[in-house]
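Keep in mind it's a predicted model, so treat the numbers as computed, not measured. Remember, it's 1-based here, ligands and their atoms both numbered in the order they're listed.
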Amino acid sequence: MSAEAELTIDGTTYTLPVVEGSEGERAIDITGLRSQTGLTALDPAYGNTASCTSEITYIDGDQGILRYRGIPLEEFADNPNFVEVAWLLIFGKLPNADEYKRFSVRLTNNANLDEDMKHHFMGFPRSAPPMAILSAMISTLSCFHPQLLELHTPEEFEAAAARLISKIRTLAAYTYRHSRGLPYMYPDPQLPYISNFLHMMFSQPYQRYESNAEVRRALNLILILHADHEQNCSTSTVRMVGSSKANLFASCAAGVSALWGPLHGGANVKVIEMLEEIHNGNQTADEFINLSKDKSSGVRLMGFGHRIYKNFDPRATMLREVCDDLLAKLGIDDPLLEIAKRLEDIALNDEYFVERKLYPNVDFYSGIILRAIGIPTNMFTVLFAIGRLPGWIAHWHEQNRDPGMRISRPRQIYTGNQKSSYINIEDRK
Ligand code: SDX
């Protein structure tokens with residue numbers, strides 16, 4: 001007998017089913033609430049609302065658990081391969097050798113942009129925010145690939161997914177090249193996913209960029225750690241947009257815009273700016289911590305806190321290790337890393353953060369790694385988007401395959417003027 005919830009309103013008791021997920025999470029199913037009671041449930045920012053059921057990612061915020069299709073995140077650390085994790089998230093299992101080969105060939109064959117798309121970059125100022133360009137150019141892909149606006153077969157979907165995952169690298173690299181007035185480097189079909197991205201970012205016509213294994217490993221892991229995070233703001237945005245049957249490109253372009261916000265994916269930029277502020281002597285770590293505890297300052301300890309994790313974000317723990325390991329192997333002594341560790345130590349022993357269960361999140365260390373690789377700060381959130389794209393695609397696909405999918409249309413509680421009348425301008429005060 002499944003559990004039920006009873007709700008009594010104005011003396012009438014209603015019964016609502018309780019649903020349970022595969023990991024024991026429970027929710028009151030309120031799909032019949034309004035038809036039964038005439039009332040809706042109010043939950044601004046959806047902190048108490050499960051918007052869907054999903055089989056893609058499981059998070060336990062109290063235990064600091066994150067699993068992709070059941071596989072714990074930590075198991076990807078030994079031999080990180082972003083392409084196979086993308087397949088896992090989207091198609092529900094790790095690719096076999098034939099699937100991996102097919103997908104890799106698709107990624108290689110779709111890395112180029114239509115030559116006319118390069119003219120679009122000319123229209124952007126060199127100082128344009130990279131996330132603005134990325135969102136615009138992902139949407140623009142729908143103009144150059146009209147055959148993928150409607151996906152009727154698994155083959156068409158796989159082709160569109162591969163095209164997007166491949167081209168986001170090229171769009172990101174060309175955004176960077178344009179900002180520096182550098183010539184675009186064509187993708188090299190001999191290079192695997194990450195190496196090809198680094199080649200397009202950093203090679204010159206007169207000098208090829210040769211990435212080292214440590215950098216490739218770190219970047220594979222960074223992209224894997226960002227690949228999905230269930231119903232976060234940007235993924236919920238992709239689902240919302242996709243629920244109107246908007247195409248995959250338009251839905252992911254909307255996800256880029258949501259990710260841009262400093263409370264979400266934009267935090268990795270704000271973390272570096274915060275660390276540089278402290279490094280430049282404008283503030284000490286202790287002063288910054290005190291500011292971030294003072295609500296009136298409007299300052300937050302960026303890279304700290306999370307809506308779900310009330311324990312360590314497992315991604316932050318792994319990224320701190322990658323940080324230490326990569327900087328040591330590259331022989332980089334970045335003072336910002338020491339400042340980050342000092343901030344973490346202070347915060348983890350400060351009552352304000354302890355009682356609010358505020359721990360480092362995925363954005364706290366990722367920027368220091370990207371800096372060490374040579375990625376400029378204003379490109380950090382673009383790297384987050386490259387990592388998160390497979391998650392967005394997986395959720396868009398999961399929702400679109402659901403025969404019960406309906407357009408998302410939340411309700412509201414109106415608190416505005418009651419009925420009033422039009423007043424002619426000559427009679428207005
Ligand atoms: C990501 O959803 C996801 O999964 C996101 C993400 C993903 O993979 O998609 O994990 C990626 O977005 C990580 C978060 C990156 N953002 C930041 O690092 C920005 C700094 N963090 C915060 O602004 C905040 O912690 C959020 C936005 C992450 C979470 O905000 P919530 O859940 O709405 O929490 P809240 O704002 O209600 O804060 C609760 C309390 C408040 O104090 P009180 O009113 O209870 O006294 O904690 C305080 C807040 O003032 N607080 C902070 C703080 N974060 C929360 N105080 C100082 N510094 C902080 N960073």
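- Looking at atom 19 (C) of ligand 1, its nearest protein heavy atom turns out to be M302 CE, 3.6 Å.
- Polar contact with ligand 1: absent for L358 (N/O pair, distance under 3.5 Å).
- Shown here, atom 34 (O) of ligand 1 is out of close reach of the protein: none of its heavy atoms lies under 4.0 Å off.
- N400 places a side-chain N or O within 3.5 Å of a backbone atom of W396 that can act as its donor or acceptor partner.
- Heavy-atom distances between Y352 and ligand 1 reach below 4.0 Å in at least one pair.
- Here D228 does not pair with R69 in a salt bridge; the nearest charged N to carboxylate O distance is not below 4.0 Å.
- Counting protein heavy atoms only, atom 5 (C) of ligand 1 is closest to H306 NE2, 3.6 Å.
- Checked by distance only, ligand 1 and L263 come closer than 3.5 Å through their nitrogen or oxygen atoms.
- Residue, atom and distance of the protein heavy atom nearest to atom 4 (O) of ligand 1 are H229 ND1, 2.6 Å.
- A donor-acceptor contact closer than 3.5 angstrom links the side chains of T31 and D29.
- In this structure the side chain of L66 reaches within 4.5 angstrom of the side chain of H229, judged on heavy atoms.
- When the side chain to side chain contact (heavy atoms under 4.5 Å, CB included) test is applied to L39, the partners found at least two apart in sequence or on another chain are I9, T37.
- The nearest protein atom to atom 58 (N) of ligand 1, hydrogens excluded, is given as L301 N, 3.1 Å; this is a heavy-atom distance.
- Taking the six-membered ring where tryptophan is involved, the planes of W87 and F91 are tilted, since the angle between them lies from 30° to 60°.
- In terms of protein heavy atoms, atom 13 (C) of ligand 1 is closest to D363 OD2, 3.4 Å.
- Considering backbone and side-chain N/O of N361, one or more are found under 3.5 Å from N/O of ligand 1.
- The distance from ligand 1 to the heavy atoms of G305 drops below 4.0 Å at these ligand atoms: 25 (O), 28 (C).
- If you number the atoms of ligand 1 from 1 as listed, the ones under 4.0 Å from a heavy atom of G303 come out as 17 (C), 18 (O).
- Partners of E99 according to the salt bridge (Lys or Arg N to Asp or Glu O under 4.0 Å) rule, which considers only residues two or more places apart in sequence or in another chain, are K93.
- Annotation for ligand 1: atoms under 4.0 Å from non-hydrogen atoms of A267 are 15 (C), 16 (N), 17 (C), 18 (O).
- Using a 4.0 angstrom heavy-atom cutoff, Q231 does not count as in contact with ligand 1.
- Looking at Y174, its side chain does come within 3.5 Å of a backbone N or O of M185 through a donor-acceptor pair.
- For atom 21 (N) of ligand 1, the closest non-hydrogen atom on the protein side is F304 O, 2.9 Å.
- The nearest protein atom to atom 44 (O) of ligand 1, hydrogens excluded, is given as K295 CE, 3.4 Å; this is a heavy-atom distance.
- At least one cation-pi condition fails for R320 and F364: the charged atom is not both under 6.0 angstrom from the six-membered ring centre and inside a 45 degree cone around its axis.
- Close contacts between ligand 1 and R307 involve ligand atoms 29 (C), 31 (P), 32 (O), 33 (O) [criterion: under 4.0 Å to a heavy atom].
- Counting heavy atoms closer than 4.0 Å to ligand 1, residue D313 contributes nothing at all.
- Across T381 and M131, no two heavy atoms sit closer than the pair CG2-CE, 3.5 Å.
- Heavy-atom contacts from other residues, nucleotides or ligands closer than 6.0 Å to NE2 of H264 number more than 12.
- Distance alone, capped at 3.5 Å, places no donor-acceptor pair between the S234 side chain and the G255 backbone.
- Here the protein heavy atom with the shortest distance to atom 11 (C) of ligand 1 is H264 ND1, 3.8 Å.
- Remark: among candidates H226, R356, R388, R300, the nearest residue to atom 38 (O) of ligand 1 is R300, based on non-hydrogen atoms.
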